[in-house]
Participant: 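The structure under discussion is supplied below as structure tokens; questions concerning it will follow.
What you see is a predicted model; the values in this text were computed from it and never measured.
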Amino acid sequence: MSQQIKSDSDFISVFEPFIDFEDKWNVYKAISKKNISGSANNVKLFENEFANLHNREFGVSVSNGSVALALASLNLEQGDEVILPSHTIISCLASVVRNNGTPVFCDVDSKSWNMTLEEVKKVVSKKTKVILMVHTFGLACEAVEIENYCKEKDIVLVEDAAEAHGQTVNGKKCGSFGLMSTFSFYANKHVTTGEGGMVVTNSESVFRNISQMKNLDFSRKRFQHENLYWNYRLGGLQAALGLSQIKKLDKTILKKMNQGKVYYELLNKYSDLIQLQPLEYKGIKNHYWVFGVWLKKKGIRDKVMEKLLLQGIETRPFFYPLHLQKALPSKFKNKNNGLSVSESLGNNGLYLPMGSHINKSKQAMIVEKFIEIIN
């Protein structure tokens with residue numbers, strides 16, 4: 001390649017977190033008090049505050065969002081089917097397969113890029129035990145409708161709200177639907193602890209079970225264990241950062257929404273070239289966890305990303321469809337038809353830089369180069 005990527009000083013990464021002095025000060029206080037381990041008091045405080053934020057009785061912090069999903073998988077038996085969208089991260093698939101479940105993929109809506117009740121109904125069967133409802137990119141699923149359907153059909157609902165911190169549906173917070181909800185606190189999330197995750201629930205039995213599973217099955221008789229569980233604890237320093245991040249969640253969301261609106265206004269006039277998630281859909285305002293763009297011309301996405309990178313602009317592709325993943329066990333393959341939206345998004349979607357390092361002038365420059373490359 002004859003061209004070279006621009007220097008670090010000119011490079012625009014796809015995301016930088018919103019970390020302020022208060023965040024740093026909170027972490028420093030935890031260090032000075034030596035509250036750094038997974039058993040530090042600020043871990044329990046973080047769990048309680050996060051659970052309260054989502055109107056849940058219990059919160060269990062873990063080392064990352066993938067672990068949260070894995071531990072949320074409910075005593076699945078061979079043959080139990082779990083419905084999940086194909087357009088989402090592979091952690092969702094792994095949590096099903098590793099826990100004896102049979103993944104059944106539904107497609108997503110072409111406007112919101114989320115699973116819908118209509119798509120769920122297309123693949124539900126007598127073997128369906130769980131629906132894993134995943135909110136995508138800043139808009140929420142038809143959470144009320146899906147939850148009501150699960151209650152009607154006696155199907156367990158697990159909510160993945162990793163990309164929906166602070167989002168609401170009909171006045172009800174994402175993270176409060178179903179038996180339990182999972183979160184990620186990765187660096188690009190609205191609430192970050194660097195790495196980390198959480199399961200929130202109103203079920204005491206679920207709370208106690210996951211608490212044991214993430215903590216080596218420690219019991220009252222220390223070092224005597226009935227199960228070979230894992231060490232998935234969140235550390236005290238991470239919890240200290242999380243406690244500070246919660247306080248400014250609304251401010252962070254507002255910043256992301258403002259950045260999303262700027263991109264939307266700059267890009268919406270190019271509807272012949274691209275499709276965007278709307279600013280608002282079915283009464284739900286887009287919180288823009290990321291700003292996604294669906295290219296209408298097929299097969300050019302990777303080349304567009306490559307050329308943007310040469311201009312010093314980092315981007316990311318959309319999730320590759322789960323039903324097409326090489327990691328999907330062969331016995332679950334070739335059973336998925338009609339997932340055209342997930343496939344097109346996975347092959348032709350990308351998202352643009354957002355975060356604390358981006359201002360309006362940089363967004364305008366990014367859009368200018370982006371459209372120039374597409375054309």
Participant: What about Val290 and Ile313, same hydrophobic cluster or not, with Ile/Leu/Val/Met/Phe/Trp/Tyr joined at side-chain heavy-atom distances under 4.5 Å?
Facilitator: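 No, because Val290 and Ile313 fall into different hydrophobic clusters, even though each may have its own neighbours under 4.5 Å.
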Participant: Look at the side chain of Asn42 and the backbone N and O of Leu45, then say whether any donor-acceptor pair between them is shorter than 3.5 Å.
Facilitator: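 Flag not set: sc Asn42 to bb Leu45 has no pair under 3.5 Å.
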Participant: Using only atom types and a distance under 3.5 Å, with no angle test, would you say the side chain of Lys214 pairs donor to acceptor with the backbone of Val62?
Facilitator: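 No; judged by distance alone, with no hydrogens or angles, the pair does not exist.
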Participant: With a cut-off of 6.0 Å (strictly less than), are more than 12 heavy atoms of other residues, nucleotides or ligands near CD of Glu152?
Facilitator: yes
Participant: Between Ile274 and Leu267, does a side-chain contact (heavy atoms from CB on, under 4.5 Å) hold up when you go through it step by step?
Facilitator: CA-CA 8 Å; Ile274 59 177; Leu267 285 165; 3.8 Å; yes
Participant: Please confirm whether the backbone N or O of Gly101 pairs with a side-chain atom of Asn99, one donor and one acceptor, at under 3.5 Å?
Facilitator: no
Participant: Is atom NZ of Lys362 surrounded by more than 12 heavy atoms (other residues, nucleotides or ligands) closer than 6.0 Å?
Facilitator: yes
Participant: For residues Pro353 and Glu314, determine if any side-chain heavy atom of one lies less than 4.5 Å from a side-chain heavy atom of the other.
Facilitator: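 No, every pair of side-chain atoms sits at 4.5 Å or beyond.
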Participant: Check whether more than 12 heavy atoms from other residues, nucleotides or ligands sit under 6.0 Å from atom NZ of Lys296, and answer yes or no.
Facilitator: yes
Participant: Would you say Lys360 has more than 12 foreign heavy atoms packed within less than 6.0 Å of its NZ?
Facilitator: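 For Lys360, atom NZ is not crowded (no more than 12 foreign heavy atoms under 6.0 Å).
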Participant: Taking Ser61 as the fixed residue, which of Glu47, Lys44, Gln238 is the one that meets the side-chain hydrogen bond (donor to acceptor under 3.5 Å, both in side chains) rule?
Facilitator: Glu47
Participant: So Gln245 and His190, side chain to side chain donor-acceptor pair (under 3.5 Å) or not? Walk me through it.
Facilitator: CA-CA 8 Å; Gln245 287 269 302; His190 290 345; over 6 Å; no
Participant: Would you indicate whether the side-chain heavy atoms of Lys173 and Asn55 approach each other to under 4.5 Å?
Facilitator: yes
Participant: Are Thr182 and Glu159 close enough, and set up right, to give a side chain to side chain donor-acceptor pair (under 3.5 Å), and what steps lead you there?
Facilitator: CA-CA 6 Å; Thr182 67; Glu159 178 189 22; over 6 Å; no
Participant: Under a 3.5 Å distance rule, please check whether Asn258 uses its side chain to pair with a backbone N or O of Leu254 as donor and acceptor.
Facilitator: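 Judged by distance alone, yes, a pair lies under 3.5 Å.
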Participant: For Asn348 and Lys297: C-alpha separation, side-chain torsions, deciding distance, then whether side-chain contact (heavy atoms from CB on, under 4.5 Å) applies.
Facilitator: CA-CA 8 Å; Asn348 303 297; Lys297 186 174 182 180; over 6 Å; no
Participant: Per the ring pair (Phe, Tyr, Trp, His ring centres under 6.0 Å) rule, what does the pair list look like for residues 125-149, sequence neighbours excluded?
Facilitator: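 Pairs touching residues 125-149 that pass the test: His87-Phe137, Phe137-Phe318, Phe137-Phe319.
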Participant: Is there a side-chain contact between Tyr186 and Thr192 (heavy atoms, below 4.5 Å)?
Facilitator: no
Participant: Kindly compute the distance separating CG (Asn286) from CD1 (Ile253), expressed to the nearest 0.5 Å.
Facilitator: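 Asn286 CG to Ile253 CD1: 11.5 Å, rounded to 0.5 Å.
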Participant: Classify the side-chain pair Tyr232/Asn215 by whether it contains a donor and acceptor separated by less than 3.5 Å.
Facilitator: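 Side chains of Tyr232 and Asn215: no pair found under 3.5 Å.
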Participant: So Gln212 and Asp217, side chain to side chain donor-acceptor pair (under 3.5 Å) or not? Walk me through it.
Facilitator: CA-CA 5 Å; Gln212 288 292 102; Asp217 196 38; 2.9 Å; yes
Participant: Checking Lys24 against Ile19 for the side-chain contact (heavy atoms from CB on, under 4.5 Å) test, could you report, in this order, the C-alpha distance in whole Å, the side-chain angles of both residues, the deciding distance, and whether it holds?
Facilitator: CA-CA 7 Å; Lys24 298 172 184 177; Ile19 302 292; 4.2 Å; yes
Participant: If we only count heavy atoms from C-beta on, is the Met115 to Ile131 side-chain gap below 4.5 Å?
Facilitator: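 In contact.
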Participant: In this structure, are over 12 heavy atoms from other groups packed under 6.0 Å from Lys255 atom NZ?
Facilitator: yes
Participant: Are any side-chain N or O atoms of Gln325 and backbone N or O atoms of Tyr320, one a donor and one an acceptor, separated by less than 3.5 Å?
Facilitator: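 Checked: pair present.
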Participant: Between Asp20 and Trp25, is the side-chain contact (heavy atoms from CB on, under 4.5 Å) condition met? List the steps.
Facilitator: CA-CA 9 Å; Asp20 59 18; Trp25 179 245; over 6 Å; no
Participant: Could you check whether Arg56 makes a cation-pi contact with Phe58, meaning its NZ or CZ is under 6.0 Å from the centre of the six-membered ring and within 45° of the ring axis?
Facilitator: no
Participant: Give a yes or no on whether Leu139 and Val134 share a hydrophobic cluster (residues Ile, Leu, Val, Met, Phe, Trp, Tyr; joining criterion: side-chain heavy atoms under 4.5 Å apart).
Facilitator: no
Participant: In the single-linkage hydrophobic clustering (I, L, V, M, F, W, Y; side-chain heavy atoms under 4.5 Å), do Val43 and Ile36 co-cluster?
Facilitator: no
Participant: Between Lys282 and Glu280, is there a side-chain N and carboxylate O pair less than 4.0 Å apart?
Facilitator: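 Looking at Glu280 together with Lys282, the answer is no, because their closest N to O distance does not fall below 4.0 Å.
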Participant: Just checking, is any N or O donor in the side chain of Thr201 or Ser203 under 3.5 Å from an acceptor N or O on the other one?
Facilitator: no
Participant: Any side-chain heavy atom of Ile90 sitting closer than 4.5 Å to one from Leu322?
Facilitator: yes
Participant: Without swapping roles, check the side chain of Asn114 against the backbone of Thr136 for a donor-acceptor pair under 3.5 Å.
Facilitator: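 Answer holds: yes.
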Participant: Between Gln167 and Gly138 (side chain of the first, backbone of the second, donor and acceptor by atom type, cut-off under 3.5 Å), is there such a pair?
Facilitator: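 Present.
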Participant: Do Lys172 and Glu147 meet the salt-bridge criterion of a basic N to acidic O distance under 4.0 Å?
Facilitator: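 Salt bridge present between Glu147 and Lys172.
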Participant: Any side-chain heavy atom of Leu276 sitting closer than 4.5 Å to one from Trp294?
Facilitator: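 Sidechains of Trp294 and Leu276: no contact.
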Participant: Are Glu372 and Lys369 ion-paired here, with the side-chain N under 4.0 Å from a carboxylate O?
Facilitator: no
Participant: Any chance the side chains of Ser176 and His54 put a donor and an acceptor closer than 3.5 Å?
Facilitator: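 Short answer, no.
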Participant: Sequence neighbours left out, what passes ring pair (Phe, Tyr, Trp, His ring centres under 6.0 Å) with His165? Give chain and number order.
Facilitator: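 Once residues adjacent in sequence are excluded, the partners of His165 under the ring pair (Phe, Tyr, Trp, His ring centres under 6.0 Å) criterion are Phe183, Phe185.
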Participant: Are Cys174 and Val169 close enough that some pair of their side-chain heavy atoms sits under 4.5 Å apart?
Facilitator: yes
Participant: When rounded to the nearest 0.5 angstrom, what distance separates CG in Asp10 from CD in Gln311?
Facilitator: 11.0 Å
Participant: Give a yes or no on whether the ring-centroid distance for Tyr263 and Phe291 is below 6.0 angstrom.
Facilitator: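 Centroid separation for Tyr263 and Phe291: below 6.0 Å.
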Participant: Roughly how far, to the nearest 0.5 Å, is the CG atom of Leu93 from the CG atom of Leu328?
Facilitator: 5.5 Å
Participant: For the CG atom of Asp154 and the NZ atom of Lys129, what is their distance to the nearest 0.5 Å?
Facilitator: 10.5 Å
Participant: Quick one: does any side-chain atom of Gln275 pair with a main-chain N or O of Ser110 as donor and acceptor, under 3.5 Å?
Facilitator: yes
Participant: Please identify each residue that fulfils side chain to side chain contact (heavy atoms under 4.5 Å, CB included) with Glu16, with sequence neighbours left out.
Facilitator: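 Residues passing side chain to side chain contact (heavy atoms under 4.5 Å, CB included) with Glu16: Ser13, Ser356, His357.
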Participant: Using a cut-off of 6.0 Å, state whether more than 12 heavy atoms not belonging to Asn75 lie near its atom CG.
Facilitator: no
Participant: More than 12 foreign heavy atoms under 6.0 Å from CZ of Phe218: is that the case here?
Facilitator: yes
Participant: How far does NZ of Lys248 sit from CG of Asp23, to the nearest 0.5 angstrom?
Facilitator: 3.5 Å
Participant: State plainly whether one hydrophobic cluster holds both Val156 and Val124, where clusters connect Ile, Leu, Val, Met, Phe, Trp and Tyr through side-chain heavy atoms under 4.5 angstrom apart.
Facilitator: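 Not linked; separate clusters.
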Participant: Honestly curious: do Met305 and Val293 fall in one hydrophobic cluster under the side-chain, below-4.5 Å linking rule?
Facilitator: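 Yes, Met305 and Val293 fall within the same hydrophobic cluster.
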Participant: How long is the straight-line distance from NZ of Lys121 back to OG1 of Thr128, given to the nearest 0.5 Å?
Facilitator: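 These two atoms lie 13.5 Å from each other.
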Participant: Are any non-hydrogen side-chain atoms of Tyr288 and Gln259 less than 4.5 angstrom apart?
Facilitator: no
Participant: If we ignore hydrogens and angles and just use 3.5 Å, is the side chain of Asp80 paired with the main-chain N or O of Leu76 as donor and acceptor?
Facilitator: no
Participant: Under the 3.5 angstrom rule, does the side chain of Asp107 hit a backbone N or O of Ser340 as a donor-acceptor pair?
Facilitator: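 A pair under 3.5 Å: yes.
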